[in-house]
J.: 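After the structure tokens below, expect a handful of questions from me.
First listed ligand is number 1; within each ligand, the first listed atom is number 1. All residue numbers in this chain count up from 1 along the given sequence.
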Amino acid sequence: MSGPEERTQIRVIRGGPMMVPGPVDIELPDGSHVQSDRFMVAVCACGRSRNYPLCDTSHRRRRRE
Ligand code: FES
């Protein structure tokens, strides 16, 4: 059994992305893959990124009522 130090640590930003240690390969629902070689990858959790599934900080903009 692996200890917590051996597990991938993902940090959830409230109202923002999930911070995942890179490099990563993300599989989308259509079966396509997006890769990032960054040290830390911000994965969009709000669904508003124009660069989905990667966060482009669109979560910071206020939604129009
Ligand atoms: S979490 Fe940042 S754009 Fe979606």
J.: Which residues pass the side chain to side chain contact (heavy atoms under 4.5 Å, CB included) test with V24, not counting sequence neighbours?
T.: V20, I26, S36, V41

J.: Protein N, O or S atoms less than 2.8 Å from atom 2 (Fe) of ligand 1, ignoring waters?
T.: C55 SG, H59 ND1

J.: Who passes side chain to side chain contact (heavy atoms under 4.5 Å, CB included) against D25, sequence neighbours left out?
T.: H33, Q35

J.: Is the backbone of R50 close enough, under 3.5 Å, to the side chain of D56 for a donor and an acceptor to pair up by distance?
T.: yes

J.: Indicate the atoms forming the closest heavy-atom contact of H59 with G16, along with that distance.
T.: CD2-CA, 3.7 Å

J.: If I compare all heavy atoms of G47 with all of Y52, which pair ends up nearest, and what's the gap?
T.: CA-CE1, 4.1 Å

J.: Residues two or more places apart in sequence or in another chain: which of them pass side chain to side chain contact (heavy atoms under 4.5 Å, CB included) with P21?
T.: T8, M40

